There are 4 protein chains.
Amino acid sequence: MADLSTATPDKRTLILNAMVDLVAERGFHNAPISLLARRSGVSAGIVYHYFENKDDLIRALYKHIKAQWSAALLLNHPQHLPYPANLERLWQNAYRFYVDHPRATLFLEQYENSPYQVGGHEIGLDENLETVFAMVQAEIAQGNLADLPTDLLYEMTLGIAVRLAKRVIAGHLHLEDVLLGWIAAAVYRGVRP
Amino acid sequence: MADLSTATPDKRTLILNAMVDLVAERGFHNAPISLLARRSGVSAGIVYHYFENKDDLIRALYKHIKAQWSAALLLNHPQHLPYPANLERLWQNAYRFYVDHPRATLFLEQYENSPYQVGGHEIGLDENLETVFAMVQAEIAQGNLADLPTDLLYEMTLGIAVRLAKRVIAGHLHLEDVLLGWIAAAVYRGVRP
Amino acid sequence: MADLSTATPDKRTLILNAMVDLVAERGFHNAPISLLARRSGVSAGIVYHYFENKDDLIRALYKHIKAQWSAALLLNHPQHLPYPANLERLWQNAYRFYVDHPRATLFLEQYENSPYQVGGHEIGLDENLETVFAMVQAEIAQGNLADLPTDLLYEMTLGIAVRLAKRVIAGHLHLEDVLLGWIAAAVYRGVRP
Amino acid sequence: MADLSTATPDKRTLILNAMVDLVAERGFHNAPISLLARRSGVSAGIVYHYFENKDDLIRALYKHIKAQWSAALLLNHPQHLPYPANLERLWQNAYRFYVDHPRATLFLEQYENSPYQVGGHEIGLDENLETVFAMVQAEIAQGNLADLPTDLLYEMTLGIAVRLAKRVIAGHLHLEDVLLGWIAAAVYRGVRP
DNA sequence: AATGAATGAGCATTCATTCAT
DNA sequence: TATGAATGAATGCTCATTCAT
């Protein structure tokens, strides 16, 4: 996947980008700083100039990717579309992000299933996620979505997107655009009141 | 979670049981053989009598847990119930397994999101999974389920169960029995033809 | 100096012995575990089997040497001699230990002047030191020694021995036996009531 | 201890002052240049403008402190007093310096017990020390001091002052003024011919 | 079968020193 | 003079794996 960033590749970004790849390919363990340095084209020491330690680097990377992800959710402004197109576009945006950034996806899933995350350190809502949240609340108010706990709604909709994307990334599954449209619709059909 | 096994706790089983806990608590890395040995009450050396190496141990553990899981799917014989009760019981069985075996669940998720699994090593269908597979095919034939790729159907139904269970395990979510029934139904509503 | 121990050179002792030499020659820093291992003829890893970490090793070594030292104080049973021969023999025993074990002496002085010690971790009195302490108290009671704080008495008598020994070890000073006798006497003349 | 210097705090002095503190608190190792720079309020690079390298810095600091010390010895002009007041004031001056400059004292002791010093690099006599030396020689000629090697005389008198000061600094000992007077006298009583 | 001491490669991290600006 | 980012060698420590007993 390489460069998630659109900024000039300063050293900090070079390191972050190399780290996603490394973790995706080899896992947290087996992603030694020495290799990270070689791949980033920097020295091992400088990593500790930009990050306190390896854990800090990994957490920073997580935040970095999560920010890209939440920005991707709002591509093509789903918030300006009528129901159900708005939620379906949201879903397809999420799915797209995962499929288009396979390394980031593998990183995210490793992170969220490791003791790093399990121990807490939740990431707060950023501005984009707040917009998404508002969209969902509005549809609940409209009677288009069941009034369920946020986490439950999340898992029954966007949660499916990651899992499908991982299957696609692994090559176990191929999803045509038409089918994707059907899935996006089906997902929200499942959570009508 | 401790003992998944119902057999006499021979050394091999002691080791496997200790390993689930260790990985769930600390991750693959940070689950050193020395600690495993101490927790199992065996010597470090003997681990290499029962398993070729650490990877082999982890893979064996994965198979071990997957077998318990597939057995759990058929608790109370969902295969003898009419649609949609059969699929809903299946779903609830899966969910129950995850919630009742949190350590195993965390292990499974770590494993399936790590380069161990990504590299392949698919686990074949055992007898129980074949029964499940047959149930699904039958419902497709009956027109109760959309005729979608197995993986896709899986993710849109049982895949949700793990994710919800993880939220519950983490304490972020609490699901009442009534709600669970609703979810099980909703999930299959989403994948009607 | 090498072997302070009279026991069979088990690995733990080999490591301790090599460490005194190393620290004496090169200081705490510049006494890397890798070199220690090479000199001890063991692997680097095994050091951590016998000691928790480098600090622990150093503290263990300090205790080890202090024990040899306190044993050396009572060579030829000064406690059975009359005043002032008893105290003078004590003093000469201390001096002898330092001069005969230059590496140990340099280690002790480094340790006692480093933040290791300054932070506390005082070593309690062992049996030998209790005997010494009793001797001193007896002489105070007899009116042969001024009734001063223990630490003060210590520094005005035995404290001088280390400092002289270090000069001798460094080759800056040479002390004949006769002169030593005079010093031992002079030292205790200084602390008469 | 902070500022030993009475001069304007130019950068070189800022560095030296910060280094005493650092070494006293944390030892030679654990006194990294980066921290030294932060504490001095200068950049890491500039240290290498004023000093060739870390060793050079440490040696310069040693000389710096030794000069303050030898100046302190002659406070209130002991050289103009009659025996034994002259030597006793000398002793008390030494003791005072140590107790009033605990950081410097800890630095000195670390330095003098480390391989920095052991390897040689003796500090020559400065003007003040020559005055002191002359005082001692005069008293030997007068028959007030035993005609012993300088180093031996030194250790039996001023050498005790450092050791006592270190005990006081560590809080293990408290010495009243009256007692100090007694000690100063006692020390010289010990080295009468 | 079983032990646990022993090995040594590998890793995260630190830090003296340099150098472009 | 002055900065501080950058380097990379060195260090403490861990851990999978082996093997003598």
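Each chain gets a letter, A, B and so on, in the order the sequences are listed, and its residues count up from 1. This structure is a prediction, so every number in the text was calculated from the model and none was measured. Atoms considered below: every heavy atom in the structure, side chains included; atoms not considered: hydrogens, waters and symmetry mates.
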So, taking the atom named [atom1] in [X] and the one named [atom2] in [Y], what distance separates them when rounded to the nearest 0.5 Å?
X        : Y        : atom1 : atom2 : result
D:Ser114 : D:His29  : OG    : NE2   : 12.0 Å
C:Tyr62  : C:Glu112 : OH    : CD    : 3.5 Å
C:Ile46  : C:Lys11  : CD1   : NZ    : 6.5 Å
C:His101 : C:Trp69  : NE2   : CH2   : 13.5 Å

Without decimals, in angstroms, what is the distance between [X] [atom1] and [N] [atom2]?
X       : N      : atom1 : atom2 : result
D:Phe28 : E:dC15 : CZ    : P     : 16 Å
C:Lys54 : E:dT13 : NZ    : C1'   : 15 Å
A:Leu22 : E:dC11 : CG    : P     : 11 Å
A:Asn30 : E:dG10 : CG    : P     : 11 Å
C:Asn53 : E:dT13 : CG    : C1'   : 16 Å

| said: Judged by each residue's nearest nucleotide on DNA chain F, which is more toward the 5′ side, D:Tyr50 or C:Ala31? | reply: D:Tyr50
| remark: Secondary structure of DNA chain F per the Watson-Crick/G-U criterion (both distances under 3.5 Å; [ ] crossing, | other strand, . unpaired) is .||||||||||||||||||||
| Span of DNA chain F in contact with chain D (heavy atoms, under 4.0 Å) | F:dT1 to F:dG4
| Can you name the salt bridge (Lys or Arg N to Asp or Glu O under 4.0 Å) partners of D:Lys166, sequence neighbours left out? | D:Glu109
| request: By nearest nucleotide on DNA chain E, pick out whichever of A:Tyr48 and D:Tyr48 is the more 5' one. | output: A:Tyr48
| said: Nearest heavy atom decides the nucleotide; on that basis, is A:Ser34 or D:Pro32 closer to the 5' end of DNA chain E? | reply: A:Ser34
With [X], which residues qualify under side chain to side chain contact (heavy atoms under 4.5 Å, CB included), at least two apart?
X        : answer
B:Glu25  : B:Asp21, B:Arg39, B:Arg103
D:Ile169 : D:Pro102, D:Thr105
A:Asn30  : A:Arg26
B:Arg38  : B:Leu35

| remark: By side chain to side chain donor-acceptor pair (under 3.5 Å), D:Asp126 pairs with (sequence neighbours left out) D:Ser70
| Which salt bridge (charged side-chain N to carboxylate O under 4.0 Å, His left out) pairs, counting each pair once, include a residue from residues 41-51 of chain B, with sequence neighbours left out? | none
| Looking across every strand, which nucleic acid part, if any, lies under 4.0 Å from C:Phe51 by heavy atom: base, sugar-phosphate, or nothing? | nothing
Using the 3.5 Å cut-off, write out each protein N or O paired with an N or O of nucleotides 7-9 of chain E and the distance between them.
unit_1, atom_1, unit_2, atom_2, d
E:dT7, OP2, C:Ser43, N, 3.0
E:dT7, OP2, C:Ser43, OG, 3.0

